[in-house]
Amino acid sequence: MNMNDTQLEVGKYLVSPTAKAQGEGRFAASVSIRSGRGSGTHDRVLRFTGIFDSAAAAVHYATEHALGWIHERSSPVCA
């Protein structure tokens, strides 16, 4: 069972974190970071190795990592 009740728009990106039940009340985290439209759509999926005690913790972890990934690509490069 996947739990995904939070999608977040960040600039040109759509962030969709997901928690997947792993049994015994534990959850794995992943996140989709989508940009573009139509045939120009690009979707990066990050899957994390950590296991979490709650779906909320897994979704939070995935969201924070997605926001970090977006921030890295949005920051101006300094020479």
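Note on V45: it does not cluster hydrophobically with Y61, by side-chain heavy-atom contacts below 4.5 Å among ILVMFWY residues. Under a hydrophobic clustering in which Ile, Leu, Val, Met, Phe, Trp and Tyr are joined whenever their side-chain heavy atoms come within less than 4.5 Å, directly or via other members, V59 and F48 fall into different clusters. Both L67 and W69 are part of a single hydrophobic cluster, where members link through side-chain heavy atoms under 4.5 Å apart. Linking ILVMFWY side-chain heavy atoms closer than 4.5 Å, directly or via other members, places Y13 and L8 in a single hydrophobic cluster. No single ILVMFWY cluster, assembled from side-chain heavy atoms under 4.5 Å apart, contains both F27 and V15.
When the shell of 6.0 Å around CZ of R34 is examined, it contains 12 or fewer heavy atoms from other residues, nucleotides or ligands. More than 12 heavy atoms of other residues, nucleotides or ligands lie within 6.0 Å of CZ in R73, so this atom counts as buried by the packing criterion.
Separating the OG1 atom in T18 from the CG atom in L46 is a distance of 11.5 Å, to the nearest 0.5 Å. For the atom pair OG of S16 and CG of D43, the computed distance is 8.0 Å after rounding to the nearest 0.5 Å.
The heavy-atom pair separating A58 from A19 by the smallest distance is CB-CB, 3.8 Å.
No donor-acceptor pair under 3.5 Å is formed between the side chain of H60 and the backbone N or O of A56. Side chain of Q22 to backbone of K20: a donor-acceptor contact under 3.5 angstrom is found.
Residues R26 and D53 form a side-chain contact, since some pair of their non-hydrogen atoms from C-beta on lies under 4.5 Å apart. Looking at heavy atoms from C-beta onward, V31 lies out of side-chain contact with T63 at the 4.5 angstrom threshold.
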